[in-house]
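Presented below is the structure to which this report refers.
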Amino acid sequence: MCGIAGYFSRTGADVASQVMLSLYSEQHRGQESCGIAASDGKIIRLHKAMGYVKEVFSQQVLHQLPGAVAIGHVRYPTRGSSVLLNAQPYVIETLGGPIYAVASNGDIVNYEEISRWLQTRGVHLASTNDGELIGRFLVYYHEREGLTIPQAIRLLMKKVKGAYSAVFLTRKELYIFRDTYGFRPLYIGEVGDDVAVASESCAMDILRPGSMREVQPGEIIVVTEHKVHSSTQMQPLFEENSQPTRHCVFELIYFARPDSSQFGEYVYDVRQKIGAKLASYDDFDADVVIPVPDSANFMALGYASAKGIPFNFGLIRNHYVGRTFIRPDQYLRDESVRQKFNPLKDFFNNKRVVVVDDSIVRGTTIRKIIRMIRGAGAREIHLRIGSPPVKYSCYYGIDTPTREELIANNMTVEEIQAYVEADSLKYLKLEDLKECVHEPVNFCYACFSGQYPLPKELSAPVTQDEVR
Ligand code: SF4
């Protein structure tokens, strides 16, 4: 998943703190590592480490990152292992010193090919993450082939396929761009005379921008001391601009914070609509509707409102158990759901409960949750899932397991119901999911349908003709 942020001060003030605030608001997008690169106009300084934003960026560390322009990143690994080498931003040293930095959210589909092609040009990657590949591609074409940075980004958009919302930093300029499909979200806004950028609108809100908007798919924005320049004001990017957008619908279902806007939608609103759709499938009475917190909260609220059944929180989530939680032995692994969720005492006694969750991936977690609720006294448990069955892996920046590990790829809905030990199980229908957004044609649904906007393997050699 991952989240990115950036800030450009027109007054010359240090901005690492602003980037830290945005990253802190995006912590849900990545908890493995984080980093900030800041330019003081001469060199770029970097600090990155494994762990949470608040732990990594003390005031002392922020003071060591002076500069009026900075970018940052929170990482949830998809490509590349969870080690500091793969943390972002990625700073690229040249003969002029550390004068470029990049941070990106997404996955590049033809990474291997572009990586091999760069190696044939003597450009070697130190890490295995997509951010470095993007940065080295741009620096190669800028420094060695003489392209301007916007020209290099255009070439990248033509040749490097997949999902990337990215920020690229030079000593005095900030470049903001998004792949032509618009898989991952990206916002830009004005904070007084300054410019801020972040993956989610909630990470902009913290800076109180006077205005903000989504960076358009395929758009390139250049921020300098004097102006903000968008590719929409330049010549057309290339003929493929007519290609459709493919926003990740799973951002709305699960990844994004409910107080964010994305792809023209309010996340909380989409989730409530999903809940209402699920409610329309049922004609039985239940005593209470509960979410698996937090991502299903608004879905359960939408279900309960539509049915007139009381909504409540039967499970309390420990917010200090993150995805990176390390389970040191088998006993703790088995207890992992208990570490994250605890049922309210005497809440479930003899109740007929509707449990709403956003999705089922392997099925092991929801099975433990249902056992926990039944053990707490529930009489009936009806499981409702706010997405269609996840049957296919994602290649665009989400860490889904292999297809073989996805329970919906291996079992029917009836078999899954039996496996998770629910009294009934219903998934959101794909056609109903599409009715929960305003422009359904603009979304990717590949993990449900298997219809990928981009094939997994691509052939995209860069010819010398295309460089100019
Ligand atoms: S495959 Fe699924 S998770 Fe991946 S981008 Fe498409 S909708 Fe999002």
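Atom set for the values below is all heavy atoms of this structure, side chains included, hydrogens, waters and symmetry mates excluded. Here the structure is a predicted model, which means the values were calculated and not measured. Numbering of ligands and ligand atoms starts at 1, following listing order.
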Salt-bridge present (Arg29, Glu251; N to O < 4.0 Å): yes
Check this for me: does any side-chain nitrogen of one of Asp423 and Arg374 sit under 4.0 Å from a carboxylate oxygen of the other? yes
Should the pair Glu421-Arg371 be classified as a salt bridge under the 4.0 Å nitrogen-to-oxygen rule? yes
So, at under 2.8 Å, which protein N, O or S atoms would a careful student list around atom 2 (Fe) of ligand 1? Cys447 SG
Within 45° of the axis and under 6.0 Å from the centre of the six-membered ring of Phe443, does NZ or CZ of Lys434 qualify? no
Taking Asn410 for its side chain and Leu406 for its backbone only, find out whether a donor-acceptor pair lies under 3.5 Å. yes
Using modelled atom types and a 3.5 Å cut-off, is there a donor and acceptor pairing between side-chain atoms of Lys48 and backbone atoms of Ala87? yes
Distance filter under 4.0 Å to Arg184 heavy atoms, resulting ligand 1 atoms: 5 (S)
